[in-house]
Asks: 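Please read through the structure below; I'll follow up with questions.
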There are 2 protein chains.
Amino acid sequence: MTDKAPDRGKKAIVVFKPSGKVAEVEVGTLLSDAAVQAGVELNLPCGGQGRCGRCRVRVEHGAISHHSGVRLSTSEIADGWALGCASVVKGDAVVLIPEQEKIAVQYITKTIGAERIALAAEFSGEVDPSVRRVHLVIDPPSLADQTTDFDRLRRELSAQARISGVSASLPMLRTLSRDLRDADWDVTVVLDMGDPTIDTYHRPRLIDLLPGDQSDRCYGVAIDIGTTSNVVYLVDLARGKVIDRASAYSGQIAAGEDVISRIIYAQKRDGLRRLQQMVVKTLNGLLDELIARNQIPASQIGKAVVAGNTTMIHLFLELDPKAIREMPFVPALSQPLPVTAEEIGLNINPQATVDCLPMVGAYVGADITAGVLSSGMYDSEALTLFIDVGTNGEIVLGNRDWLITCACSAGPAFEGSGVRYGMRATAGAIEEIWIDQRTYEPTYQTIGEMPARGICGSGMIGLLAEMFITGIVDKGGRVRRDLPTARVRVGDHGGEYVIAWAEQSGIGHDIVITEVDIENLIRTKGAIYAGFEVLVRSVGLELAEVEQVLIAGSFGQYINVEKAIQIGLLPDMPWNRFHYLGNTSALGAFYSLVSRPMRRAVNEVAKKMTYLELSADNSFYEEFMSALFLPHTDISAFPSVMRILERKAK
Amino acid sequence: MTDKAPDRGKKAIVVFKPSGKVAEVEVGTLLSDAAVQAGVELNLPCGGQGRCGRCRVRVEHGAISHHSGVRLSTSEIADGWALGCASVVKGDAVVLIPEQEKIAVQYITKTIGAERIALAAEFSGEVDPSVRRVHLVIDPPSLADQTTDFDRLRRELSAQARISGVSASLPMLRTLSRDLRDADWDVTVVLDMGDPTIDTYHRPRLIDLLPGDQSDRCYGVAIDIGTTSNVVYLVDLARGKVIDRASAYSGQIAAGEDVISRIIYAQKRDGLRRLQQMVVKTLNGLLDELIARNQIPASQIGKAVVAGNTTMIHLFLELDPKAIREMPFVPALSQPLPVTAEEIGLNINPQATVDCLPMVGAYVGADITAGVLSSGMYDSEALTLFIDVGTNGEIVLGNRDWLITCACSAGPAFEGSGVRYGMRATAGAIEEIWIDQRTYEPTYQTIGEMPARGICGSGMIGLLAEMFITGIVDKGGRVRRDLPTARVRVGDHGGEYVIAWAEQSGIGHDIVITEVDIENLIRTKGAIYAGFEVLVRSVGLELAEVEQVLIAGSFGQYINVEKAIQIGLLPDMPWNRFHYLGNTSALGAFYSLVSRPMRRAVNEVAKKMTYLELSADNSFYEEFMSALFLPHTDISAFPSVMRILERKAK
């Protein structure tokens, strides 16, 4: 990260404009590290690999060496532009940081898009949280009974509530004597009872001591840490109900848009610690929102259960994720040990247990085990295919008796990366589109009914399906150049289709989809479909035998099944076998929070899941190659699509 | 601690001379708090009660309000002298701090006195420490075996060493993946195995991971936190041997000389935290000394076992000691839960367990349970009286079947307080004295053979005995005024005896013992003797039935039994029943460190000990009153003393 030049160790002053913030750094320091030191925001969406070009800065004066110009034109470089992640401070300098995309502060709950996330966050089983409140009236000590404070408390917990073997952390013991006396020995004891079946979490632990009888109030939070967005449910533990929820884009997006970029960022100096602080900052923002809106003090929140993919859980706990990315793809652990909110920095009761759900492998994380739990799949007799499509496609096949899982590196095409006008599902994104069979003119709908700014994942699936069915693209993904419409043309990236003309768009120029975009989309859907095939065949079955397909993830619920079948993303089967489940990860965290039997079940789920490593499976590549067509090389596997094409051909 | 005057909230600048250090404080702040803020040393030997007068300062300019002049003369007050602990800043001021007694930096190991502390720190039982090192060669992960790092480590520990259920803290897990790979999967795992019989400490816990085979090296420390001095033994855990030891006066002396003063200091703002930091600073100084001298890295020290009285253990753990001092005298806890070195701030391996031994009551602490263990009393058939004389006299009576204990608030007379020329056992202290029967001229021996500066505890016992046997004092403690010697005279505090004339003394004036001093000494010895009587009689026995008397404590080993019997401090029985044991507290910590069976035994000892609260026992006051004579009201209980007096009378 630093030059080995002889002037190493020398200091240089870097002034960042427009804020005027200053960093004094060693010569040889990366400009992006200098920005961190100065407290200046400089997003690194690719994790600082020099790939995305979005950390561009302009050097106004001084000595900066530029190590990469991949994303910059010759004239831009001549004009002083440089990439923050690939430039090194050589001496004093003045650097202009352009305005950064404000990702971290854009709360989903405050955007129009979020209104559409409808989730029935209810738990119908028996409410049995690990957090328990016990009201105790204790005889104060006397010369005749000099039992110590903690021994007295334990004695009364055993006598009055049959709870024994309670432990306590040092910070709790430090205030114990005063708390008991201030409350005049009439207290509500807040305990995390743990779970006898979880060996690292089986003892009751004192987490708070409150004056008087406060045994009726008891809160917890269920947290889903997504790569893109984070969600927190505030839960009334006594009633087993979600009271409120809040979500926001991950503050980590500034350090990489996908898990691989973040793992790369984590290898930078202080990168891992910074990533941990970023996720905690985002979550604390959500907690503060929930606390303020519901007027519940942070200290009353006595537990957090956390789900998320393997990388997100590693970054949350500040565990080194390096080996997740490198062959043979191994996480630091599968069952995170319970920690306290204080250790993590989460703004709830400092003694609250933070319980991360178990993971299966490097790319099948706690979001999937939570999903298998909350979907009910783990307890179903029907042969079920559970899918969560995001940057990676995670797939689980099985029923109550067995579970097999794999992850396909689908790529972030559906999330907007690798597609020129791809974007997240926020205001101005095209989410649905129809193309006229004869005129090739599109009709589309945008989020927030605003002028189009780009296309989100569901829009891309719809667009590709419409272009295929109307014949704008052929089954190989090539745009037909002979159509009688100005919307089809040849651009820098080969054939392209104009979705919105500059005048109608919200960005001042044409919005198009190119053959390169289409190739990326086909690779993505092909990887996922190949995953289905390999998984099903690995247990000697056929896709047609699958009785239900459960689609998880916030993106999943916007997938139009008909269109997804038409492009060969989903298998061709009756639509009533498909079910949208929404955020099954947050739901699984919620279930595990309010029910210890559910918490045990998710551990059983994780143990039961057999992880199929696709990179070690020869059949995957074959299946993937076959799936790189619309809808598939073997059109007979898509009878409904075949019928449409036949009808059209008539 | 602050005035409620309307100028509260206003700031004032206090300059401390001669250092020139400055504090900016709120008006109303105590001068002693301002000194802490400025980083200026100002000792508060009485804990800041305004009693001892040793925090005197001179106000040269500015506005300081003086709340107490108890320890200052009118002329001193007129001259600007004030007590730092009882004066309040009213505005900007310049304050001179006289040179402070350099207690905190005076290492006992470097003084002459310490050379005399000879201790056979050996353990003859089977060495079985809780810290265990296991060398593992682990198959690295592969695509065929993607077991996570922590699961893999646990699997190999189970397979290769039959150790299961290992837990790990977050900091350990954070470096695990890198450590395993850096060591190329050839590692030495350092574990604290815990103890299955201790419910809060029963799981094996990972404390370090080292490259290659380092299973032969394994260290720990046994710590004794005394009120006056702290001792650390560096122990080779593999061999069960003390390698080296270091001791120093407690840095807490600056905040009070006895436990009561420290408890008072702990109630001041930040006082408890400061006391915790003081003891850790002293211990870290000793650890640094041991680490440097033996060239053992701090990280190789994998465990600390700590003994000390109840208040010292509370302050070490930063537990509020307030209730120890107030009726009905209740500690926060009896069995401290194991914590990590990191939580405490101890400079050994941050993950090392710091295990404080169990306490019995407010004034019978882990020093006594450790002493009962290391003395072997807990396993002896003989009726044993165990005594530890310091500020308090702690007494244990019993054998392998039963144990009963009490603490007598003896007062700090033997430690130098309440006796005008009393001092600690350092250079210049009179430690032995003989008085000529006819001339009343004394012959004495000082520590370091330097001119006398005062009298230490053993010297006081000898002096009082000699004065009594030679008839200088009568059995009521009054100095006979009719003796033919200039050494007996009447001073400000009644009759007094000149031990050293100004010319011979090391302090430029006469060293005397007064009737007030003698009264304090008699009260102290009387309280201890009364304790023996009450304890023995509470179980229906007589003192004469005691088969052995074990004298613990570093002071204890300097007590001359003959003289102690003559003043009625020790019961009159054959000298061969008395045994000096030295620092049984440190020794008990050492035994508990190297042997898990011994660690279990000390818990059994603590549970078995019945605590007799003397302030709730009517017979104590009666026994105490009877013991306020030389040697005792009932001279028949001291037949050997009776014979000497009879022989003399002839």
Side-chain angles (χ1 to χ4, degrees), chain A residues 140-154 164-171 173-178 180-181 199-203 272 310 314 317-324 327-337 339-340 343-344 359 361-362 611 613 615-617, chain B residues 140-154 164-171 173-178 180-181 199-203 272 310 314 317-324 327-337 339-340 343-344 359 361-362 611 613 615-617:
Chain A
S142 65
L143 284 180
D145 175 12
Q146 292 174 310
T147 304
T148 69
D149 297 338
F150 187 53
D151 291 334
R152 184 175 300 267
L153 185 71
R154 294 197 353 154
S164 60
V166 173
S167 78
S169 68
L170 203 45
L173 292 170
R174 282 174 176 163
T175 56
L176 182 74
S177 297
R178 189 153 300 199
L180 285 167
R181 284 167 183 79
D199 67 354
T200 53
Y201 179 44
H202 81 295
R203 294 172 49 74
L272 179 54
T310 302
H314 275 61
L317 296 174
E318 210 180 316
L319 300 171
D320 190 353
K322 191 164 173 243
I324 290 176
M327 279 269 269
F329 317 117
V330 175
L333 45 72
S334 58
Q335 304 245 2
L337 289 87
V339 293
T340 62
E343 285 178 90
I344 291 296
M359 302 166 266
Y611 185 59
E613 175 59 52
S615 61
D617 190 305
Chain B
S142 65
L143 283 180
D145 175 11
Q146 292 174 311
T147 303
T148 68
D149 297 338
F150 188 54
D151 291 335
R152 183 175 300 267
L153 185 71
R154 292 192 2 148
S164 61
V166 173
S167 78
S169 69
L170 204 45
L173 292 170
R174 281 175 176 161
T175 56
L176 182 73
S177 297
R178 188 153 301 197
L180 285 167
R181 284 168 182 78
D199 67 353
T200 53
Y201 179 45
H202 79 295
R203 293 172 51 74
L272 179 54
T310 302
H314 275 60
L317 295 173
E318 210 179 318
L319 300 172
D320 190 353
K322 191 164 173 243
I324 290 176
M327 279 267 272
F329 318 115
V330 175
L333 45 72
S334 59
Q335 304 244 2
L337 291 87
V339 293
T340 62
E343 286 179 90
I344 291 297
M359 303 166 264
Y611 184 58
E613 175 59 53
S615 60
D617 190 305

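The chains referred to below are lettered A, B, ... by the order of the sequence lines, with proteins before strands, and numbering in each begins at 1.
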Asks: Please check: side-chain N/O of Q146(A) versus main-chain N/O of P328(B), any donor-acceptor pairing under 3.5 Å?
Replies: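 At least one qualifying donor-acceptor pair exists.
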
Asks: Using non-hydrogen atoms only, which part of R152(A) is less than 4.5 Å away from chain B: side chain, backbone, both, or neither?
Replies: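 Contact with chain B is absent: no heavy atom of R152(A) under 4.5 Å.
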
Asks: With a 3.5 Å distance limit and no angle check, can you tell me whether R203(A) reaches the backbone of G165(A) through a side-chain donor-acceptor pair?
Replies: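 Yes; at least one donor-acceptor contact below 3.5 Å.
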
Asks: With distance as the sole test, does H314(A) use its side chain to make a donor-acceptor pair with the main-chain N or O of P331(A) at under 3.5 Å?
Replies: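 Here the side-chain-to-backbone pair does not exist.
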
Asks: Do side-chain atoms of R181(A) reach the backbone of P140(A) as a donor and acceptor pair under 3.5 angstrom?
Replies: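 Absent.
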
Asks: Tell me, out of L143(A), L319(A), V339(A), who's got the most heavy-atom pairs with chain B below 4.5 Å.
Replies: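 Top count of heavy-atom pairs under 4.5 Å with chain B: L143(A).
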
Asks: Give, as side chain, backbone, both or neither, the part of I344(A) having an atom under 4.5 angstrom from any heavy atom of chain B.
Replies: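 Contact with chain B is through the side chain of I344(A) alone.
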
Asks: Using non-hydrogen atoms only, which part of A168(B) is less than 4.5 Å away from chain A: side chain, backbone, both, or neither?
Replies: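 The backbone, not the side chain.
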
Asks: Counting heavy-atom pairs closer than 4.5 Å to chain B, which one of S177(A), S334(A), S167(A) comes out on top?
Replies: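 Among S177(A), S334(A), S167(A), the one with the most close pairs to chain B is S334(A).
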
Asks: So, taking the atom named CG in D320(A) and the one named CG in L272(A), what distance separates them when rounded to the nearest 0.5 Å?
Replies: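 Atom-to-atom, D320(A):CG and L272(A):CG are 6.0 Å apart.
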
Asks: Tell me if a side-chain donor or acceptor on R154(B) pairs with a main-chain N or O of F150(B) at a distance below 3.5 Å.
Replies: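 Checking the backbone N and O of F150(B) against the side chain of R154(B), no donor-acceptor pair under 3.5 Å is found.
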
Asks: Look up atom CE in M359(B) and atom CD1 in I324(B), then write down how far apart they are to the nearest 0.5 Å.
Replies: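 These two atoms lie 7.5 Å from each other.
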
Asks: For chain B, which of L170(A), D151(A), V166(A), T175(A) has the most heavy-atom pairs under 4.5 Å?
Replies: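 Result: the option with the highest number of such pairs is L170(A).
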
Asks: Counting only non-hydrogen atoms closer than 4.5 Å, does L176(A) touch chain B with its backbone (N, CA, C, O), its side chain (CB onward), both, or neither?
Replies: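 For L176(A), the contact with chain B is made by the side chain alone.
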
Asks: Heavy-atom cut-off 4.5 Å, strictly under: side chain, backbone, both or neither for T147(B) against chain A?
Replies: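 Backbone only.
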
Asks: Examine whether an atom of T148(B) lies under 4.5 Å from a heavy atom of chain A, and if so say whether it belongs to the side chain, the backbone or both; otherwise answer neither.
Replies: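 Both parts, backbone and side chain.
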
